Amino acid sequence: MHELGITQNIVSIVSEKAGNQKIKRVKLEIGKLSAIMPDAIRFCFDICAEGTVLAGAILEIDEIDGRGQCNICGAQMPLTLLAGICACGTNDIKCIAGEELLIKEMEVV
Amino acid sequence: MCATCGCSDSAEPKIVNLQTGKTLTLQGVEHSHDHEHGHGHEHSHDHEHSHDHEHGHDHEHGHDHEHSHDHSHEHPQSRVISLEEQVLAKNDLKAERNRGWFEGSNILALNLVSSPGAGKTTLLERTIKDLQNEFSIGVIEGDQATINDAERIARTGCRVVQINTGAGCHLDAQMLANGLEQLKPERDSVVFIENVGNLVCPALFDLGEKSKVTILSITEGEDKPVKYPHMFRASAVLLLNKMDLFPHLNFDLEACKKYALSVNSKIKIIEVSAQTGSGLELWYDWVRQQIKSRQSR
């Protein structure tokens, strides 16, 4: 369960940025193809936030849909898996959205 | 046990240097607990219960009370601060430092990943025996616990350092940096990093290696590449191991290759048996090619 370590990272990055300001809300962007489970992050967040400036903060997670672009013909398509086949027949597709793991913003009091 | 992350002392990452027999606890790794363990929270409840309220009910109901709300509620304005911060940025930065160090020392670093029991250590033992006369090899072993694998590697005569990740399910770039300090690999050598057996997390944590090599044993089923696409996508090579068992299994080899290529059209697939040695020459050729391309850089 790498979400625990990742949540610790989130808390440590936000704490560092916040200094001693109290955090009211944190917003993350997690891609649906990122191999990170938002629910597991939510599960870990309160425990990791305890005793930090993030204690009691609201966690918002925007989930980003997967999108691919064909390396051969350049067409774009939605991706629900990290694999796909382009209309032109190739599977040489790069993922252009859906692998995000980003701390978007924080709201300080 | 630490309430913040559930770790206990025995779950702290540590490094065992098989050459010196020294054991070190990792400090400054990602898991180095920025939260304090000093539990210095004070529970001195200074609230006073002296209720000075008077119950003399001479309240007047002449409603000429004025609602002049000029009380300042002192709600400090909350501010939204844009961060746009990559959660794994710290690891990626350390990984790039490792990568630079490898390049500076002309070392080829390969990150071997698989599920537990796919045969990483057996493959490595065999590879070391067959190639150690061609170039110097060093090994970083990653496991949650025990130095069993490092002991197996040490018996080949190769330099090896064991990293026990404790609660961690993968190696991270800082752990590798600390392991390298102990291993002290020679210039122009090859470093094999045997990651923790896990097909999910190691894909997310760049260590600074040149390439990832996934080992999939054919006893695991042909659909692993689509079940765990991140790992196969991140790898340059797929070694299909335990091919000696092929006659005894219902393993659909062509489907497996098709699945692997569907998540990574550039992955190089090599069928091997670390037990019998079949196919290993193709794997060795790939390693030699990497060394050559490194030297021509």
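Residue numbers start from 1 in every chain, and the chains themselves are labelled A, B, ... in the order their sequence lines are given, proteins ahead of strands. Please read these numbers as outputs of a predicted model, since none were measured by experiment.
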Counting heavy-atom pairs under 4.5 angstrom with chain A, the leader among B/K266, B/H230, B/Q86 is B/H230
Are the side chains of A/L81 and B/V263 in touch, meaning some heavy atoms are under 4.5 Å apart? no
At a 4.5 Å cut-off on heavy atoms, which part of A/I85 comes close to chain B: side chain, backbone, both, or neither? neither
One should read off an interatomic distance between A/E3 CD and B/C169 SG, to the nearest 0.5 angstrom, of 8.5 Å
Intermediate values then yes/no, side chain to side chain contact (heavy atoms under 4.5 Å, CB included), B/I81 and A/V108: CA-CA 7 Å; B/I81 300 170; A/V108 295; 3.9 Å; yes
Applying a strict 4.5 Å limit to non-hydrogen atoms, the region of A/E29 in contact with chain B is neither
So what's closer than 4.5 Å to chain B heavy atoms on A/E100: side chain, backbone, both or neither? neither
NE2/B/H170 to NE2/A/H2 distance, rounded to the nearest 0.5 angstrom? 8.5 Å
Shorter than 4.5 Å, heavy atoms on both sides: which option in A/I10, A/L102, A/L33 has the most such pairs with chain B? A/L102
One should read off an interatomic distance between B/N91 CG and A/N9 CG, to the nearest 0.5 angstrom, of 8.0 Å
Taking atom NZ of B/K257 as the centre, report whether more than 12 heavy atoms of other residues, nucleotides or ligands fall under 6.0 Å from it. yes
Indicate yes or no: at least one non-hydrogen side-chain atom of A/R25 is less than 4.5 angstrom from one of B/V80. yes
To the nearest 0.5 Å, tell me how far A/D92 CG sits from B/L261 CG. 11.0 Å
Below 4.5 Å, heavy-atom pairs only: which of A/G84, A/A18, A/S34 has the largest tally toward chain B? A/S34
Decide, yes or no, whether a salt bridge links B/E84 with A/K104 under the criterion of side-chain N to carboxylate O below 4.0 Å. yes
B/S82 and A/E105 have their tightest heavy-atom pair at CA-CB, 4.0 Å
Within the supplied structure, the quantity of interest is the number of heavy atoms (other residues, nucleotides, ligands) at a distance under 6.0 Å from A/F45 CZ; does it exceed 12? yes
To the nearest 0.5 Å, what is the distance between NZ on B/K90 and CD on A/E16? 4.0 Å
What part of B/V200 gets within 4.5 angstrom of chain A, counting heavy atoms only: side chain, backbone, both, or neither? side chain
More than 12 heavy atoms of other groups within 6.0 Å of A/R42 CZ: yes
When rounded to the nearest 0.5 angstrom, what distance separates CD1 in A/I6 from SG in B/C201? 7.5 Å
Closest non-hydrogen contact found for B/L204 with A/I36 is CD1-CD1, 3.7 Å
State, to 0.1 Å, how close A/N91 and B/S262 come at their nearest heavy-atom pair, and which atoms those are. ND2-CA, 3.6 Å
Segment of B/R233 engaging chain A (4.5 angstrom heavy-atom cut-off): side chain
